[in-house]
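Heads up: the structure comes next, in structure tokens.
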Protein chains: 2
Amino acid sequence: MNIGAASKASGVSAKMIRYYESIGLLAKAARRENSYRDFDERDIHDLRFIKRARTLGFSVEEITRLLGLWRDAQRPSREVKQITGAHIADLETRIAEMQGMVAALKHLSAHCHGDDRPACPILQDLGGPEISSASPQDKRKRAAGLREAAL
Amino acid sequence: MNIGAASKASGVSAKMIRYYESIGLLAKAARRENSYRDFDERDIHDLRFIKRARTLGFSVEEITRLLGLWRDAQRPSREVKQITGAHIADLETRIAEMQGMVAALKHLSAHCHGDDRPACPILQDLGGPEISSASPQDKRKRAAGLREAAL
DNA sequence: AGTGAGGCTTCCCACGGTGGTAAGGTCAAT
DNA sequence: ATTGACCTTACCACCGTGGGAAGCCTCACT
């Protein structure tokens, strides 16, 4: 199976397949005499796994662990659940942050005429003196995950 | 005002102040004889403006426009409201996507024992055959905005 | 007057993921 | 034998942020 075929079969772009291989997320594909990569069913499975996990917002780092667990038939489901739980919490934190932004923005926007007049509470707020930001944005380490996947 | 003082006064790291200057978001700061940057009140205002706007998830590109509007006393508030509205819509799309992920993950997690047994519906789902993903992730251009701000 | 600490300066590197593109090899079919 | 569709590697870009090196500058203290 060529990389193009693997790409179609998995929904992962050829570009990303090579990338995943390069960072060790995906096992190094076999090579034909032409030096073309040759993917088997196992690779396709892994690619689909990765694709699906990315769709669910897991970071590549998390997927590495999940794939490792997948391959270990003996793994305790505890670990999988733990990773998933942490990811859910992460997503929820980010959702809450964004909801805070939306609320603040909607509030400002509601008081902005949005016509030819220059008066605008949105800019007033942005430019104004110390403003009590909704939450001071904790900067805990957080996988890039979805953010880029959504680009 | 040195860059350190400006950083403290605005809450923007010295690193980012230089970066914002380099990309033209912030006007080039005056220099002293030592070649040290010298910030005035106007710069501090702009930095606070940027800081606040980043907190609200605006991308640097959007902030460039907003700052331009701020400086134009004659600007029609329409434009500001329009930018803000687009940003709100963007945020809401991303929130919805993440909420979809959370829902799917919670569903899977609920059916995973999370103990020593290896059986795990989460991995089953990830590794399983074609799954009907919540939404096929539209990839419309979207400013990086929050994603990185939240790191 | 010298020394050390802590500014400041520029410059490059890394991250996460993804896309682009150029320069070359290969294949299959006309 | 040529064309066009594929493959290969290798590099660059994005966004926003942090890290660090190497070299000045300044100030306070000895």
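Each chain gets a letter, A, B and so on, in the order its sequence line appears, and its residues count up from 1.
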Is any side-chain nitrogen or oxygen of S35(A) closer than 4.0 Å to OP1 or OP2 of dT26(C)? no
At what distance, to the nearest 0.5 angstrom, does NZ of K106(A) lie from OG1 of T84(B)? 13.0 Å
Does a nitrogen or oxygen in the side chain of N34(A) sit under 4.0 Å from OP1 or OP2 of dG25(C)? no
Could you give the CD1-to-C1' distance, from I23(A) to dG16(C), as a whole number of Å? 9 Å
Shortest side-chain distance from R18(B), nucleotide among dT18(C), dT9(C), dG19(C): dT9(C)
Measure the distance from CG on L56(A) to P on dG17(C) and round it to the nearest whole Å. 14 Å
Non-hydrogen atoms of Q74(B) and P118(A) that approach each other most closely: C-CB, 4.1 Å
OP1 or OP2 of dC7(D) sitting under 4.0 Å from any side-chain N/O of R31(A)? no
Under 4.0 Å between a side-chain nitrogen and a carboxylate oxygen: does that hold for D115(B) and R117(B)? yes
Below 30° counts as parallel, above 60° as perpendicular, anything between as tilted: where do the rings of F49(B) and H45(B) land? tilted
Quick one: M1(A) CE to dC27(C) P, roughly how many Å, whole number? 19 Å
If you restrict it to nitrogen or oxygen atoms, what contacts under 3.5 Å exist between nucleotides 4-6 of chain D and the protein, and what is each distance?
residue : atom : partner : partner atom : Å
dC6(D)  : O2   : Y36(A)  : OH           : 3.4

F39(B) CZ to dC8(C) C1', straight-line distance once rounded to whole Å: 11 Å
dC27(C) P sits how many Å from D38(A) CG, rounded? 13 Å
note: Y19(B), atom OH; dG20(D), atom C1'; distance rounded to Å ~ 19 Å
Is the phosphate of dG19(C) approached by S13(A) (side-chain N or O, under 4.0 Å from OP1 or OP2)? yes
Which atom pair, heavy atoms only, marks the closest approach of V60(B) to L25(B)? CG1-CD2, 3.8 Å
Rounded to the Å, how far apart are R37(B) CZ and dC25(D) P? 16 Å
Enter the inter-axis angle for the ends of the helix from dA1(C)-dT30(D) to dT30(C)-dA1(D) (five pairs per end, rounded to 10°). 30°
Taking all atoms of both residues into account, what is the closest heavy-atom pair of R94(A) and M98(B), and its distance? NH2-SD, 3.9 Å
Distance criterion of 3.5 Å, no angle test: do you see the side chain of K15(B) paired donor-to-acceptor with the base of dG20(D)? yes
Out of dT8(D), dT17(D), dG17(C), whichever nucleotide has its closest atom nearest the side chain of S59(A): dG17(C)
Any idea which heavy atoms bring A9(A) and I44(A) closest together, and the distance? CB-CG2, 4.1 Å
Smallest separation among heavy atoms of S7(A) and S13(A), with atom names: OG-CA, 3.7 Å
Backbone N/O of R31(B) and side chain of S35(B): donor-acceptor pair under 3.5 Å: no
Nearest atoms (heavy-atom pairs only) where V12(B) meets K51(B): CG2-CB, 3.9 Å
Could you state the CD1-C1' distance from I50(A) to dG16(C), rounded to the nearest angstrom? 15 Å
